[in-house]
Amino acid sequence: MKIVFMGTPDFAVPSLEAILEAGHEVCGVFTQPDKPKNRGMKLLPPPVKRAAMDHGLPVFQPEQLRDGSALEQLRTLGPELIVVAAYGRILPEEILHLPPKGCINVHSSLLPRYRGAAPINWAVINGDRETGVTIMEVARELDAGDILAQVSTPIDPDETVESVHDRLARMGGKLLVQTLEEIERGNVRHIAQNPAQVTYAPMLSRALSPIDWNKSAVEIHNQIRGLVPWPATSTDIFSREPVKIYAAAPTETATKQQPGTVLSAGKDGIDVACGDGRVLRILELQAPGGRRMAAADYLRGHPITL
RNA sequence: CGCGGGGUAGAGCAGUUGGCAGCUCGUCGGGCUCAUAACCCGGAGGUCGGAGGUUCAAAUCCUCCCCCCGCAA
């Protein structure tokens, strides 16, 4: 099938490569413009652009989708179908109607749960035991189109959003290819999203970082593993400046100490009392200006007096 | 030139009124102990990120470069 692919971050790359591997003709790749990022504000091409160029595909990076020129480029490319995967732009209606076989999207949640920008993170933060990927039609309303295919995966209570992300990205590519086959055969089923089950996964921000030690050990652990590596979770109970927490583990230990009290600090980690009377063990953290390190390493230069 | 923090022993950090290179952990040797990740004694381990400059004297002051981290999502 002749396809235009639209995507931007790492999550979209396996989908693009799966399409290519399945033998489809990708006649153009749309991705966000290179943006000044990182230290020094160096211009950085998005991951999908790098992947597209590695495969020698024509790349388009319009600043605007609604000024007509993007539509003109798409007409020239003449795709049968547009595949969107975390492109980061809302497609105008005229583009949605351009390809004869429509526009489909790879979304990293079990829709209708977690519509929006950060579905994987929120599934982990909320302690969900399951998530998945959905292939759906692109509709006018964000992430609201009919579901074409869906597959789920368990979330291990200890794994981080990074590992779930990578797994879902791979699964998304696979499911996408299967769905493309069904579309070609014309036997794809459309299932409308149940409005009663809709939830949203808003964009992450640094405001989510500070730990409220009055929460339970498991809740805090979910926050930590759901927000790595950005914006990460932080606390100021160890020093004046907040440190970022990158890894922790809830323990079976019970305590009557005030939430936020450091109970012990040694080579196995830093034990902190939580709101439910359980203890969370901090395993990996980062002081301001420093790099991520194991708790034991941190303690050598930042001793904690109990 | 986007803003800021940092680079000192294997690890993590102190140390800038310029004046012998420090701490904790680790490591090696010895001791104590029924025993130990505990404790005691001793030792090894550094081109202080790199290059230049100022100075009698630079980790410390000046210039340039390299690398790491945070902000900016």
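Chain A is the first sequence line, chain B the second, and so forth, proteins listed ahead of strands; every chain is numbered from 1.
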Watson-Crick/G-U partner (both atom distances under 3.5 Å) of [N]:
N: B:C34; value: none
N: B:U17; value: none
N: B:C71; value: B:G2
N: B:G46; value: none

Pairwise [atom1] distance, [M] and [N] [rounded to whole Å]:
N: B:C20; M: B:U60; atom1: C1'; value: 15 Å
N: B:A14; M: B:U8; atom1: C1'; value: 10 Å
N: B:C28; M: B:G45; atom1: P; value: 16 Å
N: B:C71; M: B:C64; atom1: C1'; value: 26 Å
N: B:C32; M: B:G49; atom1: C1'; value: 43 Å
N: B:U24; M: B:A9; atom1: P; value: 16 Å
N: B:G53; M: B:A58; atom1: C1'; value: 11 Å
N: B:C65; M: B:C3; atom1: P; value: 14 Å

Side chain to side chain contact (heavy atoms under 4.5 Å, CB included) partners for A:Ser216, two or more places apart: A:Val218, A:Glu219, A:Asp276
For A:Lys2, all residues meeting side chain to side chain contact (heavy atoms under 4.5 Å, CB included), sequence neighbours excluded: A:Glu25, A:Cys27, A:Glu80
Co-members of the apolar cluster containing A:Val198 [side chain, <4.5 Å]: A:Tyr200
Connected hydrophobic set around A:Leu142, excluding itself, where side chains approach under 4.5 Å: A:Ile90
Side chain A:Trp213, main chain A:Thr261, donor-acceptor under 3.5 Å: no
What's the [atom1]-[atom2] distance between [X] and [N], to the nearest Å?
X: A:Tyr298; N: B:C13; atom1: OH; atom2: C1'; value: 11 Å
X: A:His302; N: B:A11; atom1: NE2; atom2: C1'; value: 13 Å
X: A:Lys267; N: B:A37; atom1: NZ; atom2: P; value: 11 Å
X: A:Leu43; N: B:G2; atom1: CG; atom2: C1'; value: 14 Å
X: A:Met293; N: B:G7; atom1: CE; atom2: P; value: 12 Å
X: A:Ile270; N: B:G12; atom1: CD1; atom2: P; value: 15 Å

Contact pattern, 5' to 3', of nucleotides 64-73 of chain B - B, S or - by protein heavy atom under 4.0 Å: ----SBBBBB
Any side-chain donor near an acceptor of the partner, A:Asn126 and A:Asp128, under 3.5 Å: no
No-hydrogen, no-angle side-chain donor-acceptor test under 3.5 Å, A:Gln61 and A:Thr31: no
Test ring-ring contact (aromatic ring centres under 6.0 Å, His included) applied to A:Tyr298 - qualifying residues, sequence neighbours left out: A:His302
With sequence neighbours excluded, residues passing ring-ring contact (aromatic ring centres under 6.0 Å, His included) with A:Phe60: A:Phe30
List, one per line, each side-chain donor-acceptor pair under 3.5 Å for residues 169-184 of chain A, sequence neighbours excluded.
{"unit_1": "A:Thr179", "atom_1": "OG1", "unit_2": "A:Leu175", "atom_2": "O", "d": "2.7"}

Between N or O atoms, less than 3.5 Å apart, protein on one side and nucleotides 21-25 of chain B on the other: list the pairs.
{"unit_1": "B:C25", "atom_1": "O2'", "unit_2": "A:Arg300", "atom_2": "NE", "d": "3.3"}

